[in-house]
Amino acid sequence: METLRTPPDRFAGLPEFGYEPHYADVPDGTGGAGGTGGTGGTLRMAWVEDGPADGEPVLLLHGEPSWSFLYRRMIPPLAAAGLRAIAPDLVGFGRSDKPADRSGHSFARHVEWVRALVEDVLDLRGVTLVGQDWGGLIGLRLAAEHPDRFARLVLANTGLPTGDHPMPQIWHQFKQAVETAPQLDVGRFVQAGCRQPMSEEARRAYDAPFPGPEFQAGPRAMPGLVPITPDDPAAVANRAAWEVLATWDVPALIAFSDGDPITADMAPILRRLLPGAQGREHPTITGAGHFLQEDAGPELAAEIVAFVRSTPRQ
């Protein structure tokens with residue numbers, strides 16, 4: 001697989017994000033049955049982390065078209081609470097390597113890339129998953145397929161579609177815009193998904209991973225990987241994940257914002273279908289849009305800390 005690597009000077013002077021990145025190579029998914037392993041090449045994944053090395057791990061998964069910078073206001077309070085906050089960059093985003101072609105991306109590959117980092121590189125156990133947007137899609141698949149690794153689920157403005165139910169019209173509009181825009185202004189897209197104003201420095205930070213259009217195969221590809229028909233390539237695996245999730249009593253917190261028309265309909269579905277979410281008081285993060293970490297990161301972090309403390313590991 002041909003990949004690109006964003007020059008490190010693009011990440012110099014990021015506001016509120018002075019963490020030193022960590023890197024590891026994972027299989028690129030071009031070898032083996034199904035394209036998820038075997039003797040293919042490797043690519044480099046990046047992550048940042050803070051907090052005690054023996055703290056309970058909190059896996060912070062971002063979505064489209066952001067990167068771990070999105071969690072910059074959540075990592076400090078999580079670490080201060082004694083948790084080990086770990087924020088990877090999905091392949092194609094942030095400091096991670098970027099497949100040069102959209103065809104390098106698939107739902108299955110993204111799940112396997114994150115699995116390789118979580119299990120093979122970091123060997124995380126007792127994980128609290130925090131998933132927003134694609135971070136929830138990937139994270140829920142990973143948790144359902146490897147439940148022994150996970151202790152809690154925190155789901156924020158996300159879901160796990162199977163293609164059996166229609167997506168809202170606003171999502172189709174977003175998909176078309178991202179796939180067809182002559183120029184993809186990532187910072188502008190993130191700002192459009194927020195309720196609060198964003199500084200120019202923050203907008204530049206969201207643009208930083210993509211010095212040119214050739215680096216943007218990931219943001220361009222991801223909307224097309226969401227299952228929207230029952231015969232989508234990811235539909236069978238997502239249905240299988242739901243069979244696990246619907247009977248798994250792992251504690252789950254549904255922490256959606258009050259201003260995200262794309263995912264709002266998923267909150268009551270998750271509260272109803274996840275056994276570990278039932279009978280629990282779920283917060284609504286107010287004054288926040290789709291990217292609630294950007295709009296209200298400390299508030300969401302506080303809810304996560306309280307949730308972890310109220311659900312001690314068995």
Side-chain angles (χ1 to χ4, degrees), residues 1-11 21-48 59 61-69 86-124 131 133-142 145-146 175 178-181 183-184 186 189 206-227 232-238 241:
M1 180 187 297
E2 180 186 357
T3 60
L4 304 173
R5 184 169 294 173
T6 304
D9 61 3
R10 293 278 298 182
F11 302 102
H22 302 266
Y23 299 102
D25 289 337
V26 299
D28 66 8
T30 58
T36 58
T39 59
T42 61
L43 47 74
R44 190 177 77 169
M45 287 190 71
W47 76 96
V48 299
L59 182 66
L61 294 183
H62 70 85
E64 151 86 352
S66 62
W67 61 295
S68 58
F69 177 79
I86 303 162
D89 292 332
L90 298 180
V91 170
F93 299 84
R95 294 182 173 101
S96 290
D97 284 350
K98 298 165 181 64
D101 191 86
R102 297 189 202 187
S103 64
H105 292 270
S106 72
F107 201 139
R109 281 180 174 172
H110 275 282
V111 173
E112 175 58 20
W113 288 327
V114 176
R115 186 214 62 80
L117 181 67
V118 168
E119 296 191 4
D120 301 340
V121 176
L122 296 173
D123 192 24
L124 299 179
D133 190 89
W134 262 101
L137 276 71
I138 294 168
L140 282 171
R141 273 277 300 275
L142 184 63
E145 293 171 9
H146 304 272
K175 177 178 183 290
V178 171
E179 291 179 339
T180 63
Q183 292 184 327
L184 188 58
V186 170
F189 269 106
Y206 285 111
D207 289 328
F210 311 109
E214 69 274 19
F215 288 79
Q216 294 180 332
R220 296 280 195 181
M222 296 301 276
L225 303 182
V226 176
D232 183 277
V236 171
N238 284 12

If you look at every heavy atom in [X] and [Y], which pair is closest and at what distance?
X: A234; Y: P227; answer: CB-CG, 3.9 Å
X: V186; Y: P65; answer: CG1-O, 3.4 Å
X: M1; Y: G104; answer: CE-O, 3.7 Å
X: A100; Y: L4; answer: CB-CG, 4.4 Å
X: P7; Y: P211; answer: CD-CG, 4.2 Å
X: A208; Y: T6; answer: O-CG2, 3.6 Å

Determine whether [X] and [Y] make a side-chain contact, defined as any pair of heavy atoms from C-beta on separated by less than 4.5 Å.
X: P219; Y: E64; answer: yes
X: R109; Y: T30; answer: yes
X: L59; Y: P88; answer: yes
X: S106; Y: P233; answer: no
X: F210; Y: L184; answer: no
X: W113; Y: S96; answer: no

Test of understanding: with ring-ring contact (aromatic ring centres under 6.0 Å, His included), list the residues that count as partners of [X], not counting sequence neighbours.
X: F11; value: W67
X: H146; value: none
X: H62; value: F93

Contacts of type side-chain contact (heavy atoms from CB on, under 4.5 Å), residue D120, not counting sequence neighbours: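 In terms of side-chain contact (heavy atoms from CB on, under 4.5 Å), with neighbours along the sequence ignored, D120 is linked to R115, A116.
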D97: side-chain contact (heavy atoms from CB on, under 4.5 Å) partners, not counting sequence neighbours: T3, R5, L43, R44
From CA spacing to verdict: side chain to side chain contact (heavy atoms under 4.5 Å, CB included), R102, L225: CA-CA 10 Å; R102 297 189 202 187; L225 303 182; over 6 Å; no
Test log, rule side chain to side chain contact (heavy atoms under 4.5 Å, CB included), inputs N238 and R141: CA-CA 7 Å; N238 284 12; R141 273 277 300 275; 2.9 Å; yes
Give, for atom [atom1] of [X] and atom [atom2] of [Y], the distance between the pair rounded to the nearest 0.5 Å.
X: K98; Y: H105; atom1: NZ; atom2: NE2; value: 9.5 Å
X: R10; Y: D207; atom1: CZ; atom2: CG; value: 7.5 Å
X: I86; Y: L122; atom1: CD1; atom2: CG; value: 5.5 Å
X: E112; Y: L117; atom1: CD; atom2: CG; value: 11.0 Å

Full working for side chain to side chain contact (heavy atoms under 4.5 Å, CB included) between V91 and M45: CA-CA 6 Å; V91 170; M45 287 190 71; 3.8 Å; yes
Non-neighbouring partners of D9 that pass salt bridge (charged side-chain N to carboxylate O under 4.0 Å, His left out), sequence neighbours left out: none
Pair D89-F69, side chain to side chain contact (heavy atoms under 4.5 Å, CB included): steps then yes or no: CA-CA 9 Å; D89 292 332; F69 177 79; over 6 Å; no
Short side-chain to backbone donor-acceptor contact, R220 and A181, under 3.5 Å: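 Yes; judged by distance alone, with no hydrogens or angles, the pair exists.
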